[in-house]
Amino acid sequence: MQAELKWLDDPETFRVNQLPAHSDHHYYATVTDADQGTNQLEQSLDGTWQFAFAPNPQERPQGFYRPDFDRRSFDTIQVPGHIELAGYGQIQYINTAYPWEGSHYRRPAYTLGDRTGKPGMFSEAPDNTVGAYAKHFTLNPGLQGQRVIVQFDGVEEALYLWLNGHFVGYAEDSFTRSEFDLTPYLQPGDNLIAVEVFKRCTASFLEDQDMFRFSGIFRSVRLLAQPKLHVNDLTIRANVQDDLKTGDLNVTAQLAADTFDGAQVHLTLRDARGARLLERTSSADDTVSFTHLTVPTVHLWQHHDPYLYQLTLELLDAQGNVIEVVPYVVGFRRLELKDKVMLLNGQRLILNGVNRHEWDARTGRNVSLADMHRDLSIFKQAHINAVRTCHYSDQDVWYDLCDQAGIYMMAENNLESHGTWQKRGAVEPSYNVPGSLPEWRAVVLDRARSNYQTFKNHPAILFWSLGNESYAGDNIAAMNQFYKDHDDTRLTHYEGVCRNRDYADRISDMESMMYDPPKAIRDYLQHDPQKPFINCEYMHDMGNSLGGMQSYMDLLDEFPMYQGGFIWDYIDQALLVKDEVTGRDVLRYGGDFDDRPADYEFSGDGLLFADRTPKPALQEVSHYYGNYDD
Amino acid sequence: MATTTTKLHVIYGDTTLGLVGEHFHYIFNYDRGGLESLQQYGKEWLYRTPKPAFWRATTDNDRGNHFSAHAAMWLGADLFSPCTDIEVAVNGRVITLPVAPENNRYSDHETADTVSLTFTYTTTTVPATMVEVVYTVDATGQLTIQENYTGQPGLPELPALGFQLIAPTMASGFSYQGLSGETYPDRMAGGIPGTYTVDGLPVTPYLVPQENGMHMQTQQVTVTRQTTLNNADPDQQAFSLTVQQADEPFAFSCLPYTAAELENATHQEELPPARRTVLTIYGAVRGVGGIDSWGADVEPEYHISAETGHSFSFKIAGPDELNH
């Protein structure tokens, strides 16, 4: 198969040869590796890559992925990282409007009666910058002779992949892991992996988040070998029976193997201290299920006591040798909607939440583990018990950390098409996507699927959020239906249905608004509300603008169906750069890079400054959230 | 010139009125329209004559709901309102303003128990209104300052109402009894009462410089400096000035910048080098909070009407009041 540039223009082509989304479980070759967290099956490709930047597709170095291509003129770049922060391509911050506003006229394919699909809109665009990445590697011994896949944790926004000159695949969806099978093209010794990253494609219409606009391989890349017996996908359902005491564990694994002959799957469940509670063995097959495993007097998972059990699956060959070990944490909890109130483990849920963009003032949306640990310690200090991953999926490890810290998650899809339906503050959906357009359905369903399949086993996730500010139509309803078809242990959320009430019965289990004044919320709650209410965004903490929080907190006392919300937002987005006058490190925002149009300081709306020091208002948030932190 | 009496030594100058006691020396200037010199232990506390404050730098929320545009004439009033009347009272009795040649009747050893000076400012707003600042000095050097704002129908809401004192050099820090952190009328529930010491004059580094550093519900604040502009004073010992609650707790901010300087900068690094101490005592503070930052107003109870009167008072402690 040959790579085709026109995929950039086609909303129906968003993954080519990409492996299906699956659970984010780690796997190891031995029990010792699993215990120590060292992985001989994994090889990082982070670090220095060869790199060439082109201002548009026409000027890109075509054929650069061929081993015999002369790349001596290439620069180098660090992976992970944003191309713009490495000094190529202009940094731009804009909120609602598309970044090409005022420079290029664009309407999404198949809107406004267009049947052409807008060929060339991105593939021949003068503003579609291109990064050509190349790296040589030799497989580590632990990966040799096995099936090897490559994982990209985040590439913005469209990537084409080659190995040793052979085209491997194509992916969009910047904030979702993309995986490809490299096995057919691997060779002994030196290999050349090449990635071409385009800043814009049809996904640009779906990724109009209020944030700095970047491109590039901004999260980690790694190779992973898959043992001859392998867990492809793992589904854990750790339910609690009506008595709120008895744990009901269900585990389903999708396996891949050369042969299942004589192979076995061995399941062990241990408590948090390592004591063995359950063991089961089953013969291996494509699908292996362990159903209704009972844990009497189960220790429930919740914010103040995020108790985690340890599940281990061992795959054994016919000779009883351990071929693969998959550990996963298990939190038993029960989320339900009862009498229109959301209950966790039988108790009314109160969300003391924040929206959190992944942000680091030096590295942009490439955040470090240290950043995440700092965030969780501030969460704890300020009695923040919930986070909305606005408005995309975060790095995998953040979900693990929220499991461990007892942070309730609203796991949001990578979707925001604000600029296609809201113009100058008014609802104007004349060319909205995804809308109800059939050509835009599969791509958003794929985003829902990826988010679900990847993170479905995290006890921290209580809600699937369909995305942010993308209006409402049949396609959003289809996303909602996808979650309903796959998961009865969580609720769905989508604020945009409030903009288009025709879909009220088909989208979102909760009424969710952003920036509604307390009196409007009271009005809703006093007039026979059909769904519990949350603020998916409130208290917009821009600069020195947080005050009057009491009026929201009063609603918690008055109405059980008012269940809190998520402050917008957790951290200022601004970039630390060297001041051209004084040489000191200073924080810069939209418009400071000659970027136009810009939304200037509008991204400075965090409880923390961009360098992660708390703003003064955090003491107020901590006070009020502390009053409802039980 | 220092006096050992327990009375104020009053110096009826041609353009000024001096009040002297043990360890203090205050000079009110009729032409400058206010207190021109506030010395305790020989250290000058004033860079320019204090005046009423009507503006606090625009917050992002103000920008979004256009409050600053509606209230803009208060920025002009903050910068330019002239002193249009002065009254002097000695021992509670108003006297003819003692400027030349009226002051020729006095001697070089005049004394009093208390002296009050009332400076009336006419705001540059349309319509204009009046604000009085009344200074009352007793023999211990304690200054009681009362500010009376006259309400005027048709005026836009006030961003703040305060009294601003700019000291010649930058303070090394301040300590206060009040609420922790930065607090505003609509954001002080989280403030914990206590005594707090702040090193230097930190400016809260909001992405765009804006109103910051407010401390609500304060009983007392002591500002400490180590340097002066006095060429004859090489001493680097710390010295302090203390403001105390009179009837009610007050709000204050102590920053190296005026509201206008904050207003002018689009980034922290555009603020001028910090060189003065701007201590503002507030009798009324508008809230900062909003539901959003593109239109929502602060809640009604945190507005300040300019159509009704407002008064507040506080004390500047005399030199010996705090065991110097």
Side-chain angles (χ1 to χ4, degrees), chain A residues 95 382 425 514-520 535 537-553 568 572-574 579-582 584-592 600-606 609-611 613-627, chain B residues 56-65 67 179-192 198 202-216 253 262 265-271 273 285-303:
Chain A
N95 172 18
M514 33 179 83
Y515 313 107
D516 243 12
K519 65 176 185 221
N535 281 302
E537 297 180 13
Y538 77 124
M539 298 295 307
H540 200 258
D541 187 27
M542 182 171 168
N544 187 2
S545 293
L546 190 144
M549 198 168 165
Q550 177 78 52
S551 300
Y552 284 104
M553 304 316 277
W568 187 271
D572 280 3
Q573 294 175 60
D579 180 19
E580 59 285 352
V581 175
T582 63
R584 289 200 319 247
D585 281 349
V586 296
L587 286 167
R588 290 285 159 87
Y589 50 78
D592 287 344
Y600 304 94
E601 71 273 24
F602 195 72
S603 62
D605 37 22
F609 292 105
D611 64 0
T613 56
K615 280 187 192 170
L618 191 65
Q619 79 170 7
E620 187 83 349
V621 173
S622 176
H623 169 79
Y624 283 117
Y625 277 1
N627 287 349
Chain B
R56 50 132 240 238
T58 302
T59 64
D60 285 313
N61 183 260
D62 294 334
R63 247 186 292 282
N65 65 35
F67 170 71
L179 298 175
S180 61
E182 185 183 273
T183 46
Y184 289 89
D186 56 351
R187 195 177 78 213
M188 59 182 195
I192 300 162
V198 177
V203 176
T204 315
Y206 295 111
L207 210 49
V208 173
Q210 56 195 276
E211 160 60 31
N212 71 94
M214 187 68 74
H215 300 279
M216 302 298 296
S253 63
L262 291 166
T266 64
H267 294 80
Q268 291 292 326
E269 63 272 21
E270 292 165 18
L271 289 166
V285 177
R286 184 184 173 88
V288 289
I291 288 151
D292 60 46
S293 302
W294 53 89
D297 205 347
V298 300
E299 295 184 312
E301 57 266 43
Y302 306 116
H303 293 209

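All values below were derived from every heavy atom in this structure, side-chain atoms included, with hydrogens, water molecules and symmetry-related copies excluded.
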* Structure fact -> Turns out that what part of B:A189 lies under 4.5 Å from chain A's heavy atoms comes down to both
* To do: Return the option, out of A:T613, A:V586, A:D605, A:D541, with the maximum number of heavy-atom pairs under 4.5 Å with chain B.
  => A:V586
* **Which of B:D186, B:N61, B:V298 touches chain A most, by non-hydrogen pairs under 4.5 Å** => B:D186
* To do: Under 4.5 Å heavy-atom distance to chain B, tell me which part of A:D579 shows up: side chain, backbone, both or neither.
  => side chain
* Most chain B-contacting option - heavy-atom pairs closer than 4.5 Å, from A:V621, A:L618, A:D592 -> A:D592
* Looking at B:P205, B:G181, B:G290, which has the largest count of heavy-atom pairs under 4.5 Å with chain A? -> B:P205
* **Under-4.0 Å salt bridge between A:R588 and A:E580** => yes
* Show the numbers, then the answer: is there a salt bridge (Lys or Arg N to Asp or Glu O under 4.0 Å) between B:E182 and B:R187? => CA-CA 9 Å; B:E182 185 183 273; B:R187 195 177 78 213; 2.9 Å; yes
* **Over all atoms of both residues, closest heavy-atom pair of A:N544 and B:E211** => ND2-O, 2.7 Å
* Asked: Should B:M216 and B:V285 be marked as a side-chain contact (heavy atoms from CB on, under 4.5 Å) after you check the CA-CA gap, both sets of side-chain angles, and the distance that decides it?
  -> CA-CA 9 Å; B:M216 302 298 296; B:V285 177; 4.2 Å; yes
* Asked: Looking at B:N212, B:D62, B:T266, B:I192, which makes the most heavy-atom pairs under 4.5 Å with chain A?
  -> B:T266
* **Heavy-atom pairs under 4.5 Å with chain B, option from A:G425, A:G604, A:P616, A:G626 with the top count** => A:P616
* To do: Counting only heavy atoms closer than 4.5 Å, note whether A:F602 contacts chain B via side chain, backbone, both or neither.
  => side chain
* Side-chain donor-acceptor contact under 3.5 Å, B:E269 with A:T582 -> no
* Structure fact -> Scored by heavy-atom pairs under 4.5 Å with chain A, the best of B:G213, B:S180, B:P185 is B:S180
* **Largest heavy-atom contact set with chain B, pairs under 4.5 Å, which of A:S622, A:P518, A:S551, A:S603** => A:S551
* Plane angle bin for A:Y515 and B:W294 - parallel if under 30°, tilted between 30 and 60°, otherwise perpendicular -> perpendicular
* Asked: Heavy-atom distance under 4.5 Å to chain B: side chain of A:A617, backbone, both or neither?
  -> both
* To do: Would you check if B:Y206 and A:M542 make a side-chain contact, meaning some heavy-atom pair closer than 4.5 Å?
  => no
* To do: Would you please test A:E601 and B:R63 for side-chain contact (heavy atoms from CB on, under 4.5 Å) and show each step?
  => CA-CA 12 Å; A:E601 71 273 24; B:R63 247 186 292 282; 3.6 Å; yes
* May I have the step-by-step check of side-chain contact (heavy atoms from CB on, under 4.5 Å) for A:Y589 and A:D572, ending in yes or no? => CA-CA 10 Å; A:Y589 50 78; A:D572 280 3; over 6 Å; no
* Asked: Side chain, backbone, both or neither: which part of B:T183 has a non-hydrogen atom closer than 4.5 Å to chain A?
  -> side chain
